Trainee: 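Before anything else, here's the structure in question.
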Amino acid sequence: MIESRSRRQATPGRIGRGWIWLADGPGFLLLMLFPSLIVLGMVIGLPILRAIEMSFDTLNLRRPSNNGEIGLHNYMRLLTDQRVWSGLGLSALYMMGSVAGSVGIALGAALLTRRVARGQALVRLTFLIPWTVPAVVTALVWGVMYDGNFGVVNRILDWAGLGPGANWLIDRRTVIWALLAAQVWNEFPMSFVFLLAGLMAIPNEFYEAARIDRAGPWSQFRFVTLPQLRPVLAITVVMS
């Protein structure tokens, strides 16, 4: 009887367990995040809900009297409009091209920087220059470079004997690739920083062991660098 009574006294009740969960358990993390979640809900959540509500309405700024609820008509039109699917395809191409291009170039730049013995700080600074340029300045510079009359891109192509060039930002066949090149140039430094940090964290003993086993550069990259760099690559791709 005394032992069972002491057990009942030692076991906390519902209020005690709730307080422990809130003070020392996972509830403490939720409590600390609660103010930020409220701010995010007001800044992001409310506009999203408002946009969903507006998607069921018809809005005509020139004739406000015609505004009203039309149900799922907008979504039915969205599914049958060929321009929407064309836009989605171009958006997917732009996203995949920018991510693959920026991460690929960043990986090559990080591998090159890691192999440089002298002047490594200067090489890092050179690859980080695009990150310091504002997006507006980048757009203006690349716009001048792509100019069909006096742009440097067409002049280089003409000098190399590859043709007279094109109106890069006007021609529908070239505009997506021109924008992708500018986007990759502006975005790859962020991936470069992550991948270079991941490469620097790989112990040199792994490469020494691979060289002892007569592994070439490609084998070292495939069996040592890539497996060790896989978590950083995943984070870099998601952030890109």
Side-chain angles (χ1 to χ4, degrees), residues 21-22 25-106 130-146 167-195 231-240:
W21 180 82
L22 187 62
F28 181 76
L29 179 61
L30 295 177
L31 184 63
M32 293 296 100
L33 292 176
F34 189 68
S36 300
L37 293 177
I38 293 178
V39 175
L40 287 176
M42 295 178 62
V43 175
I44 300 177
L46 291 180
I48 291 177
L49 293 177
R50 177 57 178 163
I52 295 175
E53 180 185 0
M54 293 173 62
S55 67
F56 295 100
D57 299 339
T58 175
L59 300 176
N60 192 332
L61 299 180
R62 292 179 299 179
R63 297 178 180 178
S65 59
N66 294 335
N67 296 347
E69 297 183 2
I70 57 174
L72 297 176
H73 176 74
N74 289 333
Y75 290 96
M76 297 302 297
R77 182 180 177 184
L78 188 71
L79 296 175
T80 57
D81 194 341
Q82 187 62 32
R83 294 175 298 178
V84 174
W85 294 107
S86 176
L88 286 176
L90 288 175
S91 298
L93 175 63
Y94 188 82
M95 179 192 67
M96 291 186 293
S98 61
V99 172
S102 61
V103 174
I105 293 177
W131 208 2
T132 63
V133 180
V136 175
V137 177
T138 300
L140 292 175
V141 171
W142 281 87
V144 173
M145 291 173 57
Y146 283 138
N167 292 320
W168 296 94
L169 299 179
I170 299 177
D171 194 339
R172 296 179 59 184
R173 297 171 298 179
T174 59
V175 62
I176 184 67
W177 309 111
L179 294 177
L180 269 176
Q183 178 73 14
V184 169
W185 182 85
N186 192 48
E187 293 294 334
F188 91 90
M190 182 193 70
S191 302
F192 168 74
V193 171
F194 283 98
L195 295 177
V232 181
L233 270 174
I235 295 175
T236 303
V237 169
V238 170
M239 294 192 65
S240 298

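The structure displayed is predicted, hence computed values, not measured ones.
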Trainee: Do V144 and L140 make a side-chain contact, defined as non-hydrogen atoms from C-beta onward lying under 4.5 Å apart?
Mentor: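 Not touching, per the 4.5 Å side-chain cut-off.
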Trainee: Taking atom CD of E53 and atom CD1 of I48, what is their separation to the nearest 0.5 Å?
Mentor: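 Here the interatomic distance stands at 14.0 Å.
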Trainee: Rounded to the nearest 0.5 Å, how far apart are CG of N167 and CZ of R173?
Mentor: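 Between N167 CG and R173 CZ, I get 10.5 Å after rounding to 0.5 Å.
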Trainee: According to side chain to side chain contact (heavy atoms under 4.5 Å, CB included), who are the partners of L88, at least two apart in sequence or on a separate chain?
Mentor: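 For L88, the residues satisfying side chain to side chain contact (heavy atoms under 4.5 Å, CB included) (neighbours in sequence not counted) are V84, W85.
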Trainee: Got a second to check how far L195's CG is from I235's CD1, nearest 0.5 Å?
Mentor: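 Reported to 0.5 Å precision, the distance equals 10.5 Å.
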Trainee: Can you tell me how far apart CG (D81) and CG (N74) are? Round to the nearest 0.5 Å.
Mentor: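 The CG atom of N74 is 11.5 Å from CG of D81, to the nearest 0.5 Å.
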Trainee: Do W131 and V193 touch side chain to side chain, with heavy atoms closer than 4.5 Å?
Mentor: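 Of all side-chain heavy-atom pairs linking V193 with W131, at least one is under 4.5 Å.
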Trainee: Find out whether W185 and T138 are in side-chain contact, i.e. whether some heavy atom of one side chain is under 4.5 Å from a heavy atom of the other.
Mentor: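 W185 reaches T138 side chain to side chain.
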Trainee: Suppose we screen for side chain to side chain contact (heavy atoms under 4.5 Å, CB included). Which residues come up paired with L93, at least two apart in sequence or across chains?
Mentor: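 So L93 forms a side chain to side chain contact (heavy atoms under 4.5 Å, CB included) with I176, W177.
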Trainee: Show the nearest heavy-atom pair for residues G97 and V184, with the distance to one decimal.
Mentor: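 Closest heavy-atom pair between G97 and V184: O-CG2, 4.1 Å.
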Trainee: Of the non-hydrogen atoms in Q183 and S98, which two are nearest, and what is the gap between them?
Mentor: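 Nearest heavy atoms, Q183 then S98: CG-CB, 3.8 Å.
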Trainee: At their closest point, which heavy atom of L72 faces which heavy atom of F56, and how far apart are they?
Mentor: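 Looks like CD2-CE2, 3.5 Å.
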Trainee: Rounded to the nearest 0.5 Å, what separation is found between the CE atom of M190 and the OG atom of S240?
Mentor: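 Going from CE on M190 over to OG on S240, the span is 4.0 Å.
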Trainee: Mind checking whether W168 and V175 have side chains closer than 4.5 Å, heavy atoms only?
Mentor: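 No, too far: nothing below the 4.5 Å cut-off.
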Trainee: In terms of the angle between their ring planes, are Y146 and W142 parallel, tilted or perpendicular, with boundaries placed at 30° and 60°?
Mentor: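 Ring orientation, 0 to 90° scale: tilted.
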Trainee: Examine distances only and state if a side-chain atom of S55 and a backbone atom of I52 form a donor-acceptor pair shorter than 3.5 Å.
Mentor: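 Yes, S55 side chain to I52 backbone: donor-acceptor pair under 3.5 Å.
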Trainee: My understanding is that only residues two or more places apart in sequence, or in another chain, count here; which of them pass side chain to side chain contact (heavy atoms under 4.5 Å, CB included) with V237?
Mentor: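 In terms of side chain to side chain contact (heavy atoms under 4.5 Å, CB included), with neighbours along the sequence ignored, V237 is linked to V99, V103.
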Trainee: Quick one: CG on L169 to CE on M145, what's the gap to the nearest 0.5 Å?
Mentor: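 Atom-to-atom, L169:CG and M145:CE are 11.0 Å apart.
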